[in-house]
S.K.: 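Below is a structure I'd like to ask you about.
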Amino acid sequence: MKVPFFKPEIGEEEKKAVLEVMDSGWLTTGKVTHDFENEFAAYVGSKHALAVNSNTNGMIIAMEACGVKSGTAVITTPYTFVSTAATAVHLGADVYFADIEEDSYSISPEKIEEILRKDAENGHKVRAIVPVHIAGNLCDMKKIRALAEKYSLPDHKIYVIEDAAHSFPSKTADGFAGTLGDIGVFSFYATKTITTGEGGMITTDDDALAKRMAQMRLHGMNRDAWDRYTSDKASWEYDIIAPGFKANLPDVLSAIGREQLKKAERFREKRTKVVEKYNEAFKDCDFLTIPPDGEGNAWHLYLIQIKPEKLDCDRNHFAKELQSLGIGISMHFIAIFNFTFWKEKYPDFTPEKFPNADKHCRNTITLPLWPDMTDEMTRTVIDTVKEIGNRHHVR
């Protein structure tokens with residue numbers, strides 16, 4: 001039996017919502033998108049929510065609003081998708097990388113402070129810390145916020161921008177992911193916990209940041225298309241306040257997002273049931289480590305780590321066997337220091353400097369996890385992982 005890595009759950013509600021937008025004659029950013037923004041803001045308890053066409057563009061807009069530009073720097077993790085760091089480079093900034101924790105995929109607050117301490121000695125270039133909530137499990141946001149406050153100056157604030165691409169609807173006693181820093185940026189890519197196909201959302205409680213980001217997501221224009229064509233003010237009367245970007249989310253996609261949002265908690269509950277079966281089946285397998293779990297985990301992904309010392313094969317061989325037997329898998333993530341561009345940009349950016357990220361990168365496999373996985377699919381994944389592990393087990 002073949003098991004896909006992921007399959008989005010799209011129902012008749014999403015199809016009906018899209019057709020209604022198509023019949024309305026208004027396809028781009030308009031009322032449906034504004035409604036989606038308001039509903040998302042209410043869901044996570046944020047004052048502002050701004051729909052964008054990707055998490056990547058959302059990160060660029062968020063960083064720009066926080067003053068990330070040439071001559072500044074951001075701190076993030078090497079254990080993430082490349083866009084987290086590339087967004088800073090697009091704005092002309094440098095990237096300082098902090099290793100992840102030994103027992104999780106989360107950026108290490110201790111390593112962040114080492115960088116901040118050195119940065120303070122060398123002129124305060126850091127404008128933002130960008131933690132990434134890998135697989136829906138949250139970073140230690142209390143420590144990270146405290147560090148940002150500790151090393152900020154009266155005229156040089158260090159912002160915390162959460163890369164929350166994996167973490168909707170992760171929630172702790174302090175609130176939802178994406179509301180625990182100054183700005184949160186979500187992803188609605190096809191494989192995420194809710195989807196619009198492509199898309200994302202920015203959240204913030206800061207009025208000034210929200211105003212800047214709203215303008216910068218649409219060419220630096222002070223009026224969006226819905227306002228220009230539905231208000232009494234002439235549609236051609238607008239101003240350009242900065243050389244902005246093109247990152248708005250159209251109503252066609254927002255229609256899908258609104259229906260997905262209604263199902264987010266049900267999706268999370270269904271994923272969690274699959275995770276519970278995985279955890280129970282794998283807990284006694286001495287050739288692998290099950291994923292870390294913390295407060296509010298959204299369980300976007302299920303990451304296992306193989307233990308090379310227990311097997312006569314490496315991660316890549318193990319993964320290829322899973323694929324050959326019909327199990328759709330992925331790798332989250334290839335650490336950034338393995339890519340040619342980053343090796344050339346930062347020659348001293350080597351795996352040896354990030355031992356935890358390097359170890360996790362070399363040994364992690366992402367198994368299928370999606371709401372409509374059947375019991376038979378889940379059992380097939382479990383049996384296949386165990387069969388390969390037992391066959392390659394070092395006796």
Side-chain angles (χ1 to χ4, degrees), residues 1-18 36 39-40 42-44 51 54-55 81 105 133-138 164-172 176-178 186-201 249 253-282 290-304 322-323 326-332 364-385:
M1 179 184 193
K2 290 188 176 182
V3 183
F5 173 66
F6 185 84
K7 185 179 179 181
E9 184 176 314
I10 301 293
E12 292 302 316
E13 302 89 349
E14 287 87 346
K15 298 174 186 177
K16 180 174 181 289
V18 169
F36 184 30
E39 290 158 6
F40 194 90
Y43 195 110
V44 301
S54 69
N55 169 275
F81 187 57
Y105 295 88
H133 304 307
I134 302 294
N137 202 31
L138 300 190
H166 288 192
S167 55
F168 180 76
S170 301
K171 185 182 181 182
T172 72
F176 281 89
F186 297 86
S187 173
F188 304 141
Y189 180 66
T191 60
K192 295 302 189 288
T193 55
I194 66 170
T195 185
T196 57
E198 295 279 0
M201 192 75 74
L249 189 70
L253 299 186
S254 293
I256 300 172
R258 292 183 70 195
E259 297 304 323
Q260 290 272 296
L261 185 63
K262 297 173 186 176
K263 304 175 183 180
E265 182 57 27
R266 177 164 63 85
F267 289 169
R268 186 196 63 79
E269 291 173 356
K270 293 169 79 171
R271 290 193 306 274
T272 301
K273 288 181 181 179
V274 176
V275 167
E276 289 171 350
K277 293 173 185 175
Y278 278 163
N279 284 346
E280 180 62 27
F282 295 143
I290 62 175
D293 186 16
E295 182 186 5
N297 196 342
W299 285 114
H300 165 47
L301 300 171
Y302 192 85
L303 312 179
I304 59 168
L322 282 170
Q323 284 187 320
I327 306 301
I329 54 98
S330 189
M331 304 293 179
H332 292 83
T364 295
I365 301 172
T366 311
L367 298 181
L369 176 60
W370 35 283
D372 277 349
M373 279 185 68
T374 65
D375 289 343
E376 184 180 8
M377 289 176 177
T378 305
R379 174 49 56 187
T380 298
V381 174
I382 291 169
D383 289 346
T384 307
V385 169

S.K.: Counting only heavy atoms not in K273, do more than 12 sit closer than 6.0 Å to its NZ atom?
M.R.: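 Counting neighbours around NZ of K273, 12 or fewer heavy atoms of other residues, nucleotides or ligands fall under 6.0 Å, so no.
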S.K.: Quick one: CZ on R268 to CZ on R271, what's the gap to the nearest 0.5 Å?
M.R.: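 Taking CZ in R268 and CZ in R271, the distance rounds to 8.0 Å.
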S.K.: Got T195 and Q260 here, is their nearest side-chain heavy-atom distance under 4.5 Å?
M.R.: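 With C-beta onward as the side chain, the pair touches.
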S.K.: I'd like to know if the side chain of H166 and the backbone of G136 have a donor-acceptor N/O pair within less than 3.5 Å.
M.R.: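 Side chain of H166 to backbone of G136: no pair is present.
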S.K.: Would you indicate whether the side-chain heavy atoms of F6 and L301 approach each other to under 4.5 Å?
M.R.: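 The answer is no, as the side chains (C-beta and beyond) never meet within the 4.5 Å cut-off.
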S.K.: Nearest 0.5 Å, what's the CG-CD distance between L253 and E198?
M.R.: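 It comes to 8.5 Å.
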S.K.: Is any side-chain heavy atom of H332 closer than 4.5 Å to a side-chain heavy atom of T364?
M.R.: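 Contact flag for H332/T364 side chains = no.
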S.K.: For side-chain contact (heavy atoms from CB on, under 4.5 Å), just list the numbers for L138 and E295, CA-CA rounded to whole Å, side-chain angles, deciding distance to a tenth of an Å, and then say yes or no.
M.R.: CA-CA 8 Å; L138 300 190; E295 182 186 5; over 6 Å; no
S.K.: Which heavy atom in A298 sits nearest to a heavy atom in P169, and how many Å separate them?
M.R.: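 So the minimum-distance heavy-atom pair works out to CB-N, 4.0 Å.
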S.K.: Taking the six-membered ring for Trp and the single ring otherwise, decide whether the centroids of Y189 and F81 are under 6.0 Å apart.
M.R.: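 When the ring centroids of Y189 and F81 are compared, they turn out to be at least 6.0 Å apart.
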S.K.: Where do V381 and M373 come nearest, in terms of heavy atoms and distance?
M.R.: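 In terms of heavy atoms, the two residues are closest at CG2-CE, 4.4 Å.
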S.K.: Which heavy atom of P292 sits nearest a heavy atom of Y105, and at what distance?
M.R.: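 Smallest heavy-atom distance, with atoms named: CD-CE1, 3.8 Å.
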S.K.: CG/N297 to OG1/T172 distance, rounded to the nearest 0.5 angstrom?
M.R.: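 Taking CG in N297 and OG1 in T172, the distance rounds to 12.0 Å.
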S.K.: Would you say the side chain of V274 lies within less than 4.5 Å of the side chain of M377, judging by non-hydrogen atoms?
M.R.: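 Sidechains of V274 and M377: no contact.
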S.K.: Might you work through the salt bridge (charged side-chain N to carboxylate O under 4.0 Å, His left out) test for E12 and K15, ending with a clear yes or no?
M.R.: CA-CA 5 Å; E12 292 302 316; K15 298 174 186 177; 3.4 Å; yes
S.K.: Out of curiosity, Y43 OH to K171 NZ, how far, rounded to the nearest 0.5 Å?
M.R.: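 The NZ atom of K171 is 8.5 Å from OH of Y43, to the nearest 0.5 Å.
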S.K.: Counting only heavy atoms from other residues, nucleotides and ligands, does the tally under 6.0 Å from NZ of K263 exceed 12?
M.R.: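 Enclosed: over 12 neighbouring heavy atoms sit under 6.0 Å from NZ of K263.
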S.K.: Roughly how far apart are S167 OG and K192 NZ, rounded to 0.5 Å?
M.R.: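 S167 atom OG to K192 atom NZ measures 10.5 Å (nearest 0.5 Å).
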S.K.: Looking at side-chain heavy atoms only, is the closest gap between L367 and V3 below 4.5 Å?
M.R.: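 Not touching, per the 4.5 Å side-chain cut-off.
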S.K.: Heavy atoms, side chains only, cut-off 4.5 Å: are P291 and W299 in contact?
M.R.: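 Touching, per the 4.5 Å side-chain cut-off.
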S.K.: What I'd like to find out is whether the side chain of F267 reaches to under 4.5 Å of the side chain of I194, using heavy atoms alone.
M.R.: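 In contact.
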S.K.: In the structure I gave you, are the side-chain heavy atoms of F40 and L261 within less than 4.5 Å of one another anywhere?
M.R.: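 They are in side-chain contact.
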S.K.: List the steps and the verdict of side-chain contact (heavy atoms from CB on, under 4.5 Å) for F188 and N55.
M.R.: CA-CA 8 Å; F188 304 141; N55 169 275; over 6 Å; no
S.K.: Any chance the rings of F186 and F176 have centres within less than 6.0 Å?
M.R.: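 Distance test on ring centres: not under 6.0 Å, no.
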S.K.: How long is the gap from CD on E14 to NZ on K262, to the nearest 0.5 Å?
M.R.: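 Result: 9.0 Å between the selected atoms.
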S.K.: Does this structure show an ion pair linking K16 with E13, if we count only N-O contacts that are shorter than 4.0 Å?
M.R.: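 Here K16 does not pair with E13 in a salt bridge, since their nearest N and O are not under 4.0 Å apart.
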